[in-house]
2 protein chains.
Amino acid sequence: MSPYDPSAFPAFAVTVDLVVLTVRRHALCALVVRRGEPPFQGRWALPGGFVRGDEDLAEAAARELSEETGLCAHDPLSPEPGNGAHLEQLATYGEPGRDPRMRVVSVAHLALSPDLPAPRAGGDANSARWAPVAELLNQEGGFAREDEQPAQLAFDHARILADGVERARSKIEYSSLATAFCPPEFTVGELRRVYEAVWGVALDPRNFHRKVTGTPGFLVPSGGTTTRQGGRPAQLFRAGGATVLNPPMLRPEV
Amino acid sequence: MSPYDPSAFPAFAVTVDLVVLTVRRHALCALVVRRGEPPFQGRWALPGGFVRGDEDLAEAAARELSEETGLCAHDPLSPEPGNGAHLEQLATYGEPGRDPRMRVVSVAHLALSPDLPAPRAGGDANSARWAPVAELLNQEGGFAREDEQPAQLAFDHARILADGVERARSKIEYSSLATAFCPPEFTVGELRRVYEAVWGVALDPRNFHRKVTGTPGFLVPSGGTTTRQGGRPAQLFRAGGATVLNPPMLRPEV
DNA sequence: ATCATAGTCGTCTGCTTGACGATAAACACT
DNA sequence: AGTGTTTATCGTCAAGCAGACGACTATGAT
């Protein structure tokens, strides 16, 4: 069979963009990099890059994630925590004109990672940072000072980020995905603070404890205890094999 | 600013593929079309086509849906039933080699429609049909006869279809999306049969009735009644404004 | 008239949740 | 050592919801 006539369809550039989320200091944060070239030079943007000619979309996303953070993505289907982050496809954005240079279709991916020491962009230290999503999405209450208004994200990345955050918020309701924000061993209180940061609400520690310890397969005790959060020593857990939470964790009204 | 150097990145073809689902004769069915040219000539495939150079992805999906079925897609954000089908982006598939001719990235979309009289493909009557998904996915119990084994779907369309079906199955749990399978006016029993067909389970008519009529905003009575299902006349409803179901409809265990 | 079919209203029981009291075990002070 | 603060963990109680299922209603078919 002969290949298509290349003039029979328009040629697209295909990129992957990453919404990398983590929880730092009780706030949901996203990884953003500063653009070094036009368009949107100097503005913050989501990390990403072109898909190579011989690369699957998931491979390209894992490669970009590794290049930007050093994280090793693990397959969502085999949930061993390890040092890896959770990585899944989010959505695809292909509006004509979203990149002023040419027709670009971007396959956005969502990555959830434990808190990392510091972002490392390609050698350049101050060209990447963890920014609270409340700032990036211009939600009220997200600014330490009035004049701290950050520039809008480049391209349609604010929309992509909002979709990623919404995916994360809804997915921790009915899955054990919140453990992807935690280190390999964590306490019930640390897991609760993940939920509180992602949802932006306060949860009752006693009911939360009852819920997560009472859901079979969600948490398995690792044996040790820790006092790193202060107060009474807390039991350490690992993520269990369960991936779906049934019944789900209920997000409080507004 | 100058455009990219076209040799700096690989060129892709971008297509949209459609998983169009409906409920016919108590079975969940998908629209498939017969391929008229290689590769996979003569095999069944999901409808789809190239994205045009000036077209958004959602536009392309709506255009293809209209060309294949005559349905008018309505925006998921403005849920007026009308004559339109629900249309949303599903996922994107871009594995190298998924199309043997060239590098193609396909943005799959999911469409849910009420039962239609007959599929109309581009003029050709027997080149499109509604096929039970149980057949297409080779699940047991899906065949009327032993020898009715259908050919595998072309490309990676079986995987795409499976993802679309799983999306539909999970989404009717916590949203009012099941009404997209119903005509503008429908009875509680008809809506229940939608759930039963999509999930492949039997639901208690009394508990189902209590649940859907007790969820505010899910259904609004239209005033009329009908006996088109036989038995006692049933009240007719329209889809209400609510889009999320809280608490969700619970899918019975296996 | 009788039956079959489908729709609708109730009841009861067990489970889950939300609100919240009480206790336990660490650390930081004085 | 004692006191306060912080966090973790266990228990109790009432309200709400779901599953199982009985009872009744209104139509068409025989």
Side-chain angles (χ1 to χ4, degrees), chain A residues 25-26 172-174 182 185-197 199 201-238 242 244-254, chain B residues 25-26 172-174 182 185-197 199 201-238 242 244-254:
Chain A
R25 282 174 284 125
H26 293 199
I172 64 174
E173 278 189 78
Y174 56 90
C182 295
E185 294 198 339
F186 52 91
T187 70
V188 173
E190 288 163 352
L191 183 62
R192 175 171 49 82
R193 277 179 278 275
V194 164
Y195 275 91
E196 291 178 334
W199 285 344
V201 298
L203 299 175
D204 185 287
R206 298 156 291 189
N207 293 337
F208 183 87
H209 189 278
R210 178 183 59 191
K211 173 71 177 172
V212 296
T213 57
T215 300
F218 191 6
L219 301 180
V220 292
S222 75
T225 61
T226 184
T227 62
R228 62 186 174 217
Q229 299 288 341
R232 169 177 165 180
Q235 218 180 334
L236 283 169
F237 293 88
R238 250 182 260 277
V244 296
L245 263 46
N246 202 342
M249 181 87 57
L250 293 181
R251 176 161 27 167
E253 320 281 317
V254 183
Chain B
R25 283 174 283 127
H26 292 199
I172 64 174
E173 278 189 79
Y174 56 89
C182 296
E185 293 198 337
F186 53 90
T187 69
V188 173
E190 287 163 351
L191 183 63
R192 174 170 50 81
R193 278 179 279 275
V194 165
Y195 275 90
E196 291 177 334
W199 283 346
V201 297
L203 299 175
D204 185 286
R206 299 156 291 190
N207 292 337
F208 183 88
H209 189 278
R210 179 183 59 191
K211 173 69 178 175
V212 297
T213 58
T215 300
F218 192 5
L219 301 180
V220 292
S222 75
T225 61
T226 183
T227 61
R228 62 187 174 216
Q229 299 289 341
R232 169 176 166 178
Q235 219 180 333
L236 282 169
F237 293 88
R238 253 182 257 278
V244 296
L245 262 46
N246 202 342
M249 182 86 60
L250 293 182
R251 171 157 38 161
E253 320 281 318
V254 186

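Labels below follow one simple rule: chain letters A, B, ... track the order of the sequence lines, proteins then strands, and each chain is numbered from 1. Both backbone and side-chain heavy atoms feed into the values below; hydrogens, waters and symmetry mates do not.
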Taking the side chain as every heavy atom from C-beta outward, state whether I172(B) and L245(B) have any atom pair closer than 4.5 Å.
no

Can you give me the first and the last nucleotide of DNA chain D (5' to 3') that has an atom within less than 4.0 angstrom of a non-hydrogen atom in chain B?
dA18(D) to dT27(D)

Got a sec? Which of residues 225-235 of chain B come in under 4.0 Å of DNA chain C, heavy atoms?
Q229(B), G230(B), G231(B), R232(B), P233(B), A234(B), Q235(B)

Distance-only donor-acceptor check, side chains Q235(B) and T225(B), under 3.5 Å
no

For residues F186(B) and L219(B), determine if any side-chain heavy atom of one lies less than 4.5 Å from a side-chain heavy atom of the other.
yes

Taken in chain and number order and not counting sequence neighbours, the residues that satisfy side-chain contact (heavy atoms from CB on, under 4.5 Å) with T227(A) are P233(A)

Only counting residues at least two apart or in another chain, list the ones meeting side-chain contact (heavy atoms from CB on, under 4.5 Å) with P247(A).
K211(A)

Residues passing the ring pair (Phe, Tyr, Trp, His ring centres under 6.0 Å) test with F208(B), sequence neighbours excluded, are Y195(B)

Is there a side-chain contact between R193(A) and Q229(A), using heavy atoms and a 4.5 Å cut-off?
yes

Taking every heavy atom of T226(A) against every heavy atom of R228(A), the minimum-distance pair comes out as OG1-N, 3.1 Å

Where along residues 190-197 of chain B does a heavy atom come under 4.0 Å from DNA chain C, residue by residue in number order?
R192(B), R193(B)

Using modelled atom types and a 3.5 Å cut-off, is there a donor and acceptor pairing between side-chain atoms of T215(B) and backbone atoms of F218(B)?
no

